[in-house]
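Have a look at the structure below before the remarks.
For this chain, numbers begin at 1 and follow the sequence in order.
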Amino acid sequence: MRNLDRLLPSRERQRQLTYLMEIGLVGMLFVGIDRGNAGIVINTGVALAVTQLPPILERDYEIPMDPRLTLWITTAVFLHAFGTVGLPGATRTLYSQVWWWDHMTHALSASLVAGVGYATVRALHEHADGIHFPQRFVAVFILLFVLAFGVLWEVLEFAIALSADAFGIDAVLTQYGLNDTMLDFVFNSIGGLIVALWGGAYLTDVSGAIRERLEARTD
């Protein structure tokens with residue numbers, strides 16, 4: 001993990017990159033408004049909302065958000081939103097132009113879901129004396145948690161596609177067939193597996209903060 005940290009930019013640079021991506025999301029939101037594209041507006045709007053979660057969690061709930069975590073979250077939602085906008089002058093989105101874009105964003109998004117599951121399980125493990133989660137169980141739980149969330153996401157995409165077709169409007173989220181869905185599950189699993197193996201190195205502080213809030217509620 002220390003070797004990985006050496007490959008990352010400084011914490012100040014990480015904050016700057018996060019800020020630049022947030023500005024980029026604002027720009028993409030205006031692009032969507034200018035084009036009259038509801039899909040871009042909704043996806044970038046949700047992404048902007050997600051980028052505001054770290055400061056809210058830190059300010060209102062005293063959950064420490066390391067710049068690496070904030071950059072991780074912002075990068076995931078930024079790449080997804082950018083994929084719906086596409087390159088300047090392009091007539092198609094990156095999701096339809098670049099074959100691996102959907103796989104990359106699914107793995108990143110799944111890693112965020114896995115991170116939430118990991119931090120919560122570790123907090124419960126440390127908080128309750130009668131609860132013990134072996135490391136293998138935690139890894140399996142995270143994978144199942146990510147897969148379950150992935151199923152809900154695919155159902156949501158399918159429902160949105162059907163609704164858009166029924167009302168004659170463009171779908172905000174798109175499914176590209178059974179093969180695409182199965183590949184989504186594969187890359188969701190990859191994102192979950194990465195967190196299951198190495199999540200402890202970056203989510204310890206978050207788990208500790210959740211544990212402290214649980215202890216405060218039970219006192």
Show the nearest heavy-atom pair for residues M28 and I40, with the distance to one decimal. O-CG2, 3.5 Å
Which heavy atom of S96 sits nearest to which heavy atom of T93, and what is that distance? OG-O, 3.0 Å
Working for side chain to side chain donor-acceptor pair (under 3.5 Å), residues Q16 and R13: CA-CA 5 Å; Q16 291 172 352; R13 185 67 66 186; 2.9 Å; yes
Would you say I23 ends up clustered with L48 if hydrophobic residues are merged whenever their side chains have heavy atoms under 4.5 Å apart, either directly or through other cluster members? no
Has D34 got a side-chain atom pairing as donor or acceptor with F30's backbone, closer than 3.5 angstrom? no
Report yes if the side chains of L183 and H103 come closer than 4.5 Å at any heavy-atom pair, otherwise no. yes
With F149, which residues qualify under ring-ring contact (aromatic ring centres under 6.0 Å, His included), at least two apart? none
Which atom of L112 lies closest to which atom of A76, heavy atoms considered: CD1-CB, 3.5 Å
Kindly indicate whether the side chain of H106, heavy atoms from C-beta on, has any atom under 4.5 Å from the side chain of V186. no
Could you tell me if the side chain of L79 sits less than 4.5 Å from the side chain of L108, heavy atoms only? yes
List the atom of M21, the atom of T75, and the distance in Å for their closest heavy-atom pair. CE-OG1, 3.3 Å
Closest heavy-atom contact between M65 and L57? SD-CD1, 4.4 Å
How close do A81 and A47 get, heavy atom to heavy atom, and via which atoms? CB-CB, 4.3 Å
Evaluate side chain to side chain donor-acceptor pair (under 3.5 Å) for W72 paired with S111, printing each intermediate quantity in order. CA-CA 9 Å; W72 177 16; S111 69; 2.9 Å; yes
Is there side-chain contact between V41 and L29, with heavy atoms separated by less than 4.5 Å? yes
CG on L193 to CG on N188, rounded to 0.5 Å: 12.5 Å
Single-linkage hydrophobic cluster, 4.5 Å side-chain cutoff, V116 and L152 together: no
For the residue pair F141 and F145, does the interplanar ring angle fall in the parallel (under 30°), tilted (30 to 60°) or perpendicular (over 60°) class? parallel
If two hydrophobic side chains count as joined below 4.5 Å and joins carry through other members, does L147 share a cluster with Y118? no
Sub-4.5 Å side-chain heavy-atom contact between V151 and F185: yes
